[in-house]
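Atom set for the values below is all heavy atoms of this structure, side chains included, hydrogens, waters and symmetry mates excluded. Naming: A, B, ... by sequence-line order, numbering from 1 per chain.
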2 protein chains.
Amino acid sequence: MQKDPTGRRPPGAAARARVTLRDVAREAGVSYATASRAIHPGSRKVNEAARDRVLAVALRLNYTPHFPAQAVARGSTATVALAVSDIADPYFSLLAAGARAAADEAGLTLTLAMSGRDPGRELDIVRRLRGQRPRVIVVAGSRVAESPHREALVEELRAFERGGGRVALISQPDLPFPTVSLDNRDAGRQLAVALAERGYRRVAVISGPAGLRTSADRVEGLARGAADAGIALAQRDVVEGEFTREGGHAGALALVERGLGGIDAIVAVTDVMAVGAMSALRDAGVVPGRDVGVAGFDDIPMAVDVTPELTTVAAPLGPMGARAVRLALAGPAAPMTETAVTGVVLRASTPGPGQSGLSDLSGLSGV
Amino acid sequence: MQKDPTGRRPPGAAARARVTLRDVAREAGVSYATASRAIHPGSRKVNEAARDRVLAVALRLNYTPHFPAQAVARGSTATVALAVSDIADPYFSLLAAGARAAADEAGLTLTLAMSGRDPGRELDIVRRLRGQRPRVIVVAGSRVAESPHREALVEELRAFERGGGRVALISQPDLPFPTVSLDNRDAGRQLAVALAERGYRRVAVISGPAGLRTSADRVEGLARGAADAGIALAQRDVVEGEFTREGGHAGALALVERGLGGIDAIVAVTDVMAVGAMSALRDAGVVPGRDVGVAGFDDIPMAVDVTPELTTVAAPLGPMGARAVRLALAGPAAPMTETAVTGVVLRASTPGPGQSGLSDLSGLSGV
DNA sequence: CTGTTAGCGCCTTCAC
DNA sequence: GTGAAGGCGCTAACAG
């Protein structure tokens with residue numbers, strides 16, 4: 001390797017080529033400070049001619065401000081960081097899309113971090129995010145009932161706030177931060193009642209891992225709704241699976257292998273799981289929407305692309321993502337928690353009595 | 001507002017609470033530099049006792065290094081930036097997941113930026129990304145044939161490289177940067193031949209917007225394959241749609257309204273579009289997989305969740321994302337372009353002569 | 001091994 | 001309006 005003749009090795013071979021504000025200033029024949037002011041729309045106090053010159057030079061040199069340097073000088077960045085477990089899951093990509101829109105609107109850039117469904121790693125991610133000194137951190141993900149990480153997460157987020165950062169959660173409203181949440185219990189109840197009205201009498205549930213609040217709440221709501229409506233939802237008709245398509249698949253398989261018995265509807269706690277369940281059912285020779293009703297939660301776009309189209313409880317995921325960043329940005333003035341409204345969307349996967357599905361069902365009930 | 005009694009207003013009310021490395025050093029009774037060294041695993045040259053003390057204090061104070069400051073001091077960051085058009089599109093989320101894995105592996109953090117399918121905005125995004133001084137910028141997206149932005153994009157990326165950054169593209173290999181690409185022409189050819197072998201004689205195509213290279217190449221390949229195999233793919237059987245589910249939907253609708261005539265298979269240039277097309281067909285009373293074959297490209301996970309399961313040309317999206325960041329990281333030593341291998345996956349949406357898609361489904365009624 | 005001391009690129013008071 | 005200069009938090013020579 002060639003040594004730098006000056007003796008002092010520059011940070012990188014290409015370092016000389018990095019164009020800095022100082023270069024722009026020199027080239028434009030103004031001082032460093034003036035160049036800085038010219039570039040920031042905020043400070044109007046610059047001679048128009050000089051400003052134009054600076055801007056022209058900047059453009060010609062293809063200058064870009066060094067964000068990290070700006071961050072260090074200003075003590076804050078122009079980003080909002082969003083932590084999700086899995087960006088490939090439509091649930092989270094919808095949240096992300098909404099969050100991005102809101103960030104954009106506020107002139108901020110969205111940074112995404114994926115934790116990969118492990119609460120320990122989630123903590124890690126938040127730690128790392130904190131290092132970036134974003135203006136806002138939004139954590140999306142279902143809190144685990146009583147995770148040992150819970151306290152640590154709270155402390156981490158608190159520390160971030162102490163440093164002047166803003167926090168918002170998309171989750172259950174049980175952590176001391178502004179939170180956008182879904183009334184999962186009520187959503188479950190709504191769905192159970194709707195199914196009862198459509199004539200279903202005995203529903204099985206494919207739940208997520210024990211302890212996952214979102215899942216537990218939905219199941220609880222379903223049970224309550226079933227009780228209210230006078231239909232059956234037995235504890236032993238609840239099977240557990242991962243919070244993924246495969247979890248739904250496995251859950252449905254378990255149900256089928258055990259024998260559906262009188263079960264006329266299967267509810268999975270997410271659409272993603274429901275889709276997996278439908279696939280498993282079909283493979284097992286049970287036709288969703290005819291032999292058995294199927295429903296999910298969230299109303300992801302895919303719900304209308306599967307056959308039959310999936311009945312679900314719609315959640316305004318995009319708006320929720322946006323809401324979270326606005327909540328955080330609003331600061332202490334904002335309400336502590338906001339609950340999004342859900343609504344049952346009945347589709348072909350749970351046909352009513354008049355439709356082909358249920359009548360077939362009664363015809364087949366002897367099977 | 002209360003004025004700060006010192007006269008000098010700190011950057012933020014909470015600024016005092018921001019714990020810096022200096023605080024840690026003081027508290028641990030060592031010098032600033034030593035504290036820095038203690039915290040970086042790289043420099044082993046620190047008294048163990050002192051190091052432990054520093055680490056303990058850091059933990060107690062919940063100290064996080066200030067990344068922007070590190071970036072400014074070191075002249076480089078530990079991030080790789082990925083620019084995609086739409087993160088909610090499975091195509092891109094799969095790329096992103098793969099890229100994240102590779103970044104992780106290299107100890108880097110992935111930053112995602114979405115441009116939203118507008119080439120002008122894509123340029124904008126890259127500009128902004130450049131400001132973050134990531135170690136790597138990966139741009140994923142189909143180049144438009146001869147966009148006026150093309151030159152600008154190249155210049156932007158060049159400037160980034162001049163500043164010491166690394167670049168990789170996931171795209172057509174026609175820009176002067178390391179590129180991971182798909183042989184879309186060949187993929188199209190493969191699919192056409194496979195369809196011919198299954199007995200299809202006349203195929204229609206739902207393409208993306210004119211000028212989108214990915215789309216154009218796939219269509220061209222299909223045409224060539226069809227010609228080779230002696231089956232029909234008439235120019236007038238190619239309809240254009242947006243590069244989205246809705247585009248596929250609209251395209252299929254157009255085809256149906258015009259009258260399918262002798263068309264026995266419909267190929268959409270992406271799975272996402274194919275899914276939309278299937279939905280439209282179904283609504284129009286044409287059963288995919290029975291009345292007409294349907295196929296797509298990419299093999300997104302959803303392909304096996306729709307009914308009938310979708311025939312497609314599989315692309316290793318995740319690995320491609322990973323490959324791109326590795327290519328960029330490898331630097332000049334790396335090959336300029338890498339082409340991923342695709343393969344046709346035949347599924348129920350294009351049953352062969354002996355089979356029949358939907359009869360499978362109705363056949364189940366005897367169960 | 002450890003402390004001192006320049007910077008890194010930029011913003012922002014403070015005088016002129 | 002404009003320039004000089006201090007400081008943001010941290011890293012990395014350079015001496016001890």
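In this structure, the helix from C:dC1-D:dG16 to C:dC16-D:dG1 shows an angle of 40° between the axis at its start and the axis at its end, each fitted on 5 base pairs and rounded to 10°.
Proximity note for B:Tyr32 (side chain, C-beta onward) versus C:dC11, C:dT12, D:dT11: the nearest is D:dT11. Considering only side-chain atoms of A:Asn47, the nucleotide from D:dG3, D:dG1, D:dC8 that sits closest is D:dG1. Closest contact between the side chain of A:Val46 and the listed nucleotides D:dT2, C:dC10, D:dC10 involves D:dT2. For B:Arg74, the side-chain atoms get nearest to D:dT11 when compared with the rest of D:dG9, C:dC11, D:dT11. Each of C:dG7, D:dT2, C:dG9 was ranked by its minimum atom distance to the side chain of A:Ala50; first place goes to D:dT2. Listed nucleotides D:dC10, D:dG3, C:dC11 differ in distance to A:Val30; the shortest reach to its side chain belongs to D:dG3.
The main-chain N or O of B:Leu329 is found under 3.5 Å from a side-chain atom of B:Arg166 such that the two form a donor-acceptor pair.
Across the protein-nucleic acid pair, B:Arg133 atom CZ and C:dG9 atom C1' stand 9 Å apart, rounded to whole Å. For the pair A:Asp23 CG and C:dC10 P, the computed distance is 9 Å after rounding to whole Å. Atom CZ of B:Arg18 is separated from atom P of D:dG9 by 7 Å (rounded to the nearest Å). The NE2 atom of B:His40 sits 16 Å away from the C1' atom of C:dT2 (whole-angstrom rounding). The distance between atom CG of A:Leu21 and atom P of D:dC8, rounded to the nearest whole Å, is 20 Å. Per the geometry, CD belonging to B:Gln132 stands 16 Å off C1' belonging to C:dG9, to the nearest Å. One interatomic measurement links the two molecules: CZ of A:Phe67 to C1' of C:dC11, which rounds to 15 Å at whole-angstrom precision.
For the OP1/OP2 pair of D:dT11 and a distance below 4.0 Å, the side-chain nitrogens and oxygens of B:Gln70 include at least one atom meeting the criterion. Put simply, B:Ser31 has no side-chain N or O that comes within less than 4.0 Å of OP1 or OP2 on C:dT2. Remark: A:His66 is not in phosphate contact with C:dC8, judged by side-chain N or O atoms under 4.0 Å from OP1 or OP2. Checking the phosphate oxygens (OP1, OP2) of C:dG9, no side-chain nitrogen or oxygen of A:Thr20 falls inside 4.0 Å.
Both A:Ala33 and B:Val72 sit near DNA chain C, but only B:Val72 has its closest nucleotide nearer the 5' end. Heavy-atom distances to DNA chain D give each of A:Gly29 and B:Ala73 a nearest nucleotide, and the one nearer the 5′ end belongs to A:Gly29.
Using a 4.0 Å heavy-atom criterion, one finds that A:Tyr63 contacts the sugar-phosphate atoms exclusively. Across all strands shown, A:Ser36 has heavy atoms under 4.0 Å from base atoms, whether or not it also approaches the sugar-phosphate.
For the pair B:Val167 and B:Arg158, the minimum side-chain heavy-atom distance is 4.5 Å or more.
For C:dG3, the base has a donor-acceptor partner in the side chain of B:Arg37 [N/O atoms by modelled type, under 3.5 angstrom].
Under a 4.0 Å N-O distance rule, the pair B:Arg22/B:Glu27 does not qualify as a salt bridge. Classification of B:Asp23 and B:Arg26 as a salt-bridged pair holds, one side-chain N sitting under 4.0 Å from a carboxylate O.
Here the OG1-CG distance, from A:Thr111 to A:Leu82, works out to 9.5 Å after rounding to the nearest 0.5 Å.
By the salt bridge (Lys or Arg N to Asp or Glu O under 4.0 Å) test, B:Arg53 is found to be paired with no residue, residues two or more places apart in sequence or in another chain being considered.
Contacts classified as side-chain hydrogen bond (donor to acceptor under 3.5 Å, both in side chains) and involving residues 320-334 of chain B (residues at least two apart or in different chains) are given here: B:Glu105-B:Arg326, B:Arg323-B:Glu338.
Donor-acceptor pairing under 3.5 Å is lacking for the side chains of B:Arg162 and A:Asn62.
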